[in-house]
Structure formats: structure tokens, C-alpha cells
Amino acid sequence: QVQLVESGGGLVQAGGSLGVSCAASGFTFSSYYMGWFRQAPGKEREFVAVVSGNGAVTRYTDTVKGRFTISRDNAKNTVYLQMNSLKPEDTAVYYCARRSSYYLGENVNANDYWGQGTQVTVSS
């Protein structure tokens, strides 16, 4: 069965860096686009970044461009999100998801499997 397991969240001061990972299993990882999403308290889940199956194409939401980097290692069935210059407004639960198609858009419903999420807290 498909499993996505995030790790690496934590507490960091504003301006700091943190990386989160998502280990995938149960499917041919390299055949799927993968995305990162986040949900802050009281807010709807939102798109953060997406990466194509071979890692060559990426897309980011405007609020994280230039600060966050999505990447993947298909040999390890893992997708990463490196977050730099973190801001308090980046505080959220971060989720990875498997895209249901070759889709680079921001629709949070264009995913068929989700991880359980990992908390990222940025203190001011």
C-alpha cells in the first residue's frame, strides 16, 4: 500500500533553516510528481511546492520562492523541502502528497495520497 512518512520538522528561530523529508513506499516513486503543502492553525491547507518525477521541473507558491527548495532522490524514494530564511508565518503542519497526475498547479485536491504531516514552528 502507498505510504508517505514525513520527518524533520521542529522549532526554529526566524531567519533560520530547516529541512523536512518524506519517505515514500508502495508505488513506483519516480513515476509521480510529488508536492509539499502546509496548513496553519485556523487556515486552509495550501500549496507550497511541487516537483516532477525526474526532479527537473519545480514550482513554488510566491510566498516561498527564493527561500524554499524542493528536491527528490528517486534512489531513496524520498522528497525533500529545504526551508531557509524562515518567517513566523511559515509556521504550519507540513504535508507531502502524491500528485494524481502530471500537474504543476496549486490545487490541493489534485493529490491522491497524503502523509501524516510534520510540525514546523518558527519563533519570532
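Among pairs with a residue in residues 32-88, those fulfilling ring-ring contact (aromatic ring centres under 6.0 Å, His included) read Phe27-Tyr32, Tyr33-Tyr102, Phe37-Phe47, Phe37-Trp114, at least two apart in sequence or across chains. Here disulfide bond (SG atoms under 2.5 Å apart) pairs that include residues 53-83, with residues two or more places apart or in two chains, number zero. Applying the disulfide bond (SG atoms under 2.5 Å apart) test to every pair with at least one member in residues 24-77, sequence neighbours left out, gives no pairs at all. Screening residues 11-124 for disulfide bond (SG atoms under 2.5 Å apart) gives Cys22-Cys96 as the qualifying pairs, with residues at least two apart or on separate chains. For residues 52-93, there are no disulfide bond (SG atoms under 2.5 Å apart) pairs, not counting sequence neighbours.
The two residues Ala40 and Ala92 have their closest heavy-atom pair at N-CB, 3.8 Å. Across every non-hydrogen atom of Asn107 and Asn111, the tightest pair is O-ND2, 4.0 Å. Annotation for Arg72 and Val51: closest pair NH1-O, 3.7 Å, computed over non-hydrogen atoms.
For the atom pair Asp90 CG and Thr121 OG1, the distance stands at 11.0 Å (nearest 0.5 Å). Of the inter-residue distances, the one linking Met34 atom CE with Asn74 atom CG reads 10.0 Å to the nearest 0.5 angstrom. Between atom CZ of residue Arg99 and atom CG of residue Leu104 there is a gap of 8.0 Å, rounded to the nearest 0.5 Å. Annotation: the span from Leu81 atom CG to Ser71 atom OG amounts to 8.5 Å, rounded to 0.5 Å.
Val64 and Val50 are assigned to two separate hydrophobic clusters, defined by single-linkage of ILVMFWY side chains at heavy-atom distances under 4.5 Å. Transitive grouping of hydrophobic side chains (ILVMFWY, heavy atoms separated by less than 4.5 Å) brings Val79 and Val2 into a common cluster.
Tyr95 places a side-chain heavy atom less than 4.5 Å from the side chain of Gln39. Side-chain contact check for Val108 versus Glu44: every heavy-atom pair is 4.5 Å or farther apart.
Not a single donor-acceptor pair under 3.5 Å links the side chain of Gln116 to the backbone N or O of Val5.
Annotation: side-chain contact (heavy atoms from CB on, under 4.5 Å) contacts of Ser101 (sequence neighbours excluded): Tyr103. Partners of Arg45 under the salt bridge (Lys or Arg N to Asp or Glu O under 4.0 Å) rule, at least two apart in sequence or in another chain, do not exist in this structure. The salt bridge (Lys or Arg N to Asp or Glu O under 4.0 Å) test applied to Lys65 returns Asp62, not counting sequence neighbours. Applying the salt bridge (Lys or Arg N to Asp or Glu O under 4.0 Å) rule to Asp112 yields the partners Arg98; only residues at least two apart in sequence or on another chain are considered. Under the side-chain contact (heavy atoms from CB on, under 4.5 Å) criterion, Glu46 pairs with Arg38, sequence neighbours left out. Glu89 pairs by the side-chain contact (heavy atoms from CB on, under 4.5 Å) definition with Lys87, not counting sequence neighbours.
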Identify every side-chain donor-acceptor pair in residues 10-21 under 3.5 Å, counting partners at least two apart or on other chains, and give the distances.
residue, atom, partner, partner atom, Å
Ser17, OG, Asn84, OD1, 2.9

